[in-house]
Asks: 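Submitted below is the structure of interest, expressed as structure tokens.
Note that this is a predicted model, so its numbers are computed, not measured. All chains are named by letter (A, B, ...) in the order of the sequence lines, taking the proteins before the strands, and each is independently numbered beginning at 1.
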2 protein chains.
Amino acid sequence: MAVKIKDVAKRAGVSVTTVSRVLNGEKYVKDDLKERVNQAIADLGYSPSQIARSLVRKKTNLIGVIVPDLTSSFYSTILSSIEETASLNDYNLLVCNIIEDIDKEYKYLNVFKEMRVEGIVIMHEKINPEIRSFINALQIPVIFSSVKPADQNFISVIIDDYKAAYDATAYLIQLGHERIGFIGGDMRDVTSGQNRYTGYRNALSDHGRKVIYELIRFGDYKVQSGYQLMSELLEGFNPPTAVFAVSDDMALGAMNCIHDRGLKVPDDISVIGFDGSQLTELVRPRLTSMEQPIHEMGKLTVETIMKLIAGTYRPDGDIIMEHRLVIRDSCNAIDEQIGLPT
Amino acid sequence: MAVKIKDVAKRAGVSVTTVSRVLNGEKYVKDDLKERVNQAIADLGYSPSQIARSLVRKKTNLIGVIVPDLTSSFYSTILSSIEETASLNDYNLLVCNIIEDIDKEYKYLNVFKEMRVEGIVIMHEKINPEIRSFINALQIPVIFSSVKPADQNFISVIIDDYKAAYDATAYLIQLGHERIGFIGGDMRDVTSGQNRYTGYRNALSDHGRKVIYELIRFGDYKVQSGYQLMSELLEGFNPPTAVFAVSDDMALGAMNCIHDRGLKVPDDISVIGFDGSQLTELVRPRLTSMEQPIHEMGKLTVETIMKLIAGTYRPDGDIIMEHRLVIRDSCNAIDEQIGLPT
DNA sequence: GTGAAAGCGCTAACAA
DNA sequence: TTGTTAGCGCTTTCAC
């Protein structure tokens, strides 16, 4: 890795400036010189140092990404889309997988700063004051993808979680269900915690259902948690006939729990998920889910940050994307259900 | 981001050298000076430029990672482990998600070179001659994780795929199965294609079974492919009583196919997977699988590359890890199975 | 203990 | 068109 621009220049018998010019595709280089330079580059196996280049250009083409959990189907799909779009724009990704580890997040935010990334994508909304002020002090674009922290200064690419949860619940109501359970997220999260919960509650009341608190549980979006909460619901005196889980992972956990107790989805209990992750098509019965346009969100996240970096865009609030109910096989109308022994 | 070491020096009333010294935790700085410097750093919100630092130190603390598919449960789990270990060693990850896209891989390899990453991790084995020679010309450690390309110059962290496939098949034989189907990978892949296939075949012959070619199919490791191949097997005149799929994803596809045809796993057909991805616990029935120590492999991959970078280690061949059969609910002994209508 | 100065590999005025 | 030169922000001899 020892060959540098000077070596190329020497070998081609030109100045470093000329080499730099052909490297950067400038015109004003005569064809024969250009050829000699290219030849020298090939001979030497030269590859310009992005480090040196970044230093002088003050441009790193780096985006930092903070993912809560790489192994989650939802996040890995967004990340995949983010990577794809970034690559198309000649940007590279520095990824950090924080696993509920605030210290690690803080450490990485510092790394991002030191690495002079040009933009940061964050995919969780548990932002504490320290992190908040750190981010605000950063003079680079930060964008939240699929989540929205409470602080209004931040910009998010997101769906209308309230409305989506409302619609999911309304769908269950429309199928005739009265006892609709709720497997929720973390109420400290505005987007995926509070908004989805409120959507659920309002859908119930707007349709003349009363909110049954025994049927409401909160967890952490993961399969395991959905399993656990579902088992609590099943142990109740009068279980729900349908359940709305605020993530597909939790929905899967719920389905597994139902299955393991010898019951059937959707014959005994209907389950609707949230996210539209790949899981929905992979499980049996296939999971009906309120879908986020995951791929589009990743794409738009990067495209927006590109504009922010270029300075060609002044955000006037969040970017709201459309949610979409995708009906598969995990929900029955109430009169098709066998009903549980009470 | 305008504040630099000079500004800190000025504010603290010292030289840049002194600032650099406290930044790097050197001794030989009097406490009062150190304090003044730290104060200035805090006041200014200074953060040293990793770019400039890398340039002079010739050290980037960057590892490039090439993943075939971020959304796969197996790869995202390895990646997660790689990220964790790298972070522990103060290394950052530049990730590239190639999706069967050789051009993209080539482009990224160039990016890695230009970014002066200190090591590269590759997780697929479809290395063409161009890529091969590019890698060989690179004067930095390259390590393959979970795969082994044909070229003996490369070093891999890997299990004994032949033996693992042999053992998986032997397990099915031990359960009394005669007609054991094979849902294989890409025969151009040495590790996951050829070795697993040979393991399957040899296990059969060693145990006095003959190889039934109608029961053998090859695909691409994905769920969809497993589904497709299983459906071909089911359409045969005399379907298998058990199937060995060379990835958990394919095994899931096979299970889904069986399910969708109104048959049951393991009552009608036993299914064994390969990898030990999270999926195994998430599906019903839970999938019996020949597991790779995924987390350990990711960890060891990074630890090895760290040693390679430090120059404290001369590899004498691949690093072979232990595979392990984990029995769950997807395989029955033949006499417990109902048997298919032939 | 501390500082001045050289230089990491490149780009970008500015000259020629 | 091409080349000379001054930095980009930092670390690191080397001198004091």
Asks: Among C/dA12, D/dC14, D/dT1, which is the nearest nucleotide to the side chain of A/Lys30?
Replies: D/dT1

Asks: Taking only the side-chain heavy atoms of B/Ala52 (C-beta and beyond), determine which of C/dC10, C/dG3, D/dC10 contains the nearest atom.
Replies: D/dC10

Asks: Distance check: side-chain N/O of A/Tyr46 vs OP1/OP2 of C/dC10, anything under 4.0 Å?
Replies: yes

Asks: Of the nucleotides D/dG9, C/dT2, C/dA5, which has the atom closest to the B/Val16 side chain?
Replies: C/dA5

Asks: Taking atom C1' of C/dG9 as reference, at what distance in whole Å does atom NZ of A/Lys10 sit?
Replies: 14 Å

Asks: Taking atom types as they are modelled, would you say the side chain of A/Ser20 forms a donor-acceptor pair with the base of C/dA12 within the 3.5 Å cutoff?
Replies: no

Asks: By nearest heavy atom, map A/Leu23 and B/Val14 onto DNA chain C; which one lands nearer the 5' end?
Replies: B/Val14

Asks: Could you tell me how far apart B/Asp32 (CG) and C/dT2 (P) are, to the nearest whole angstrom?
Replies: 7 Å

Asks: Do A/Thr17 and D/dT4 share a donor-acceptor pair, side chain to base, under 3.5 Å?
Replies: yes

Asks: Nearest to the side chain of A/Leu55, heavy atoms from C-beta on, is which of D/dT12, C/dC10, D/dG9?
Replies: D/dG9

Asks: Quick one, B/Asp189 and B/Val147 - any side-chain contact, counting heavy atoms below 4.5 Å?
Replies: no

Asks: Return the value, rounded to whole Å, for the distance between atom CZ of B/Arg53 and atom C1' of C/dC10.
Replies: 20 Å

Asks: Using C1' atoms of five pairs at each end, report the bend of the helix from C/dG1-D/dC16 to C/dA16-D/dT1 rounded to 10 degrees.
Replies: 40°

Asks: Output yes when at least one side-chain N/O atom of A/Ser49 is less than 4.0 Å from OP1 or OP2 of C/dG9, else no.
Replies: no

Asks: Measure across B/Leu62 and B/Tyr91 and return the closest heavy-atom pair with its distance rounded to 0.1 Å.
Replies: N-CD2, 3.8 Å

Asks: Taking the minimum atom-to-atom distance to the side chain of B/Leu33, which one of C/dT2, C/dG7, C/dC10 wins?
Replies: C/dT2

Asks: Can you tell which of C/dA12, D/dG9, D/dC10 lies closest to the side chain of A/Lys58?
Replies: D/dG9

Asks: Could you tell me whether the phosphate oxygens of C/dG3, OP1 or OP2, come under 4.0 Å of any side-chain nitrogen or oxygen in B/Thr18?
Replies: yes

Asks: Compare the minimum distances between each of C/dT2, D/dC10, D/dT2 and the side chain of A/Arg21, then state the nucleotide with the smallest one.
Replies: D/dT2

Asks: What about B/Arg116, does its side chain sit under 3.5 Å from the base of C/dG9 through a donor-acceptor pair?
Replies: no

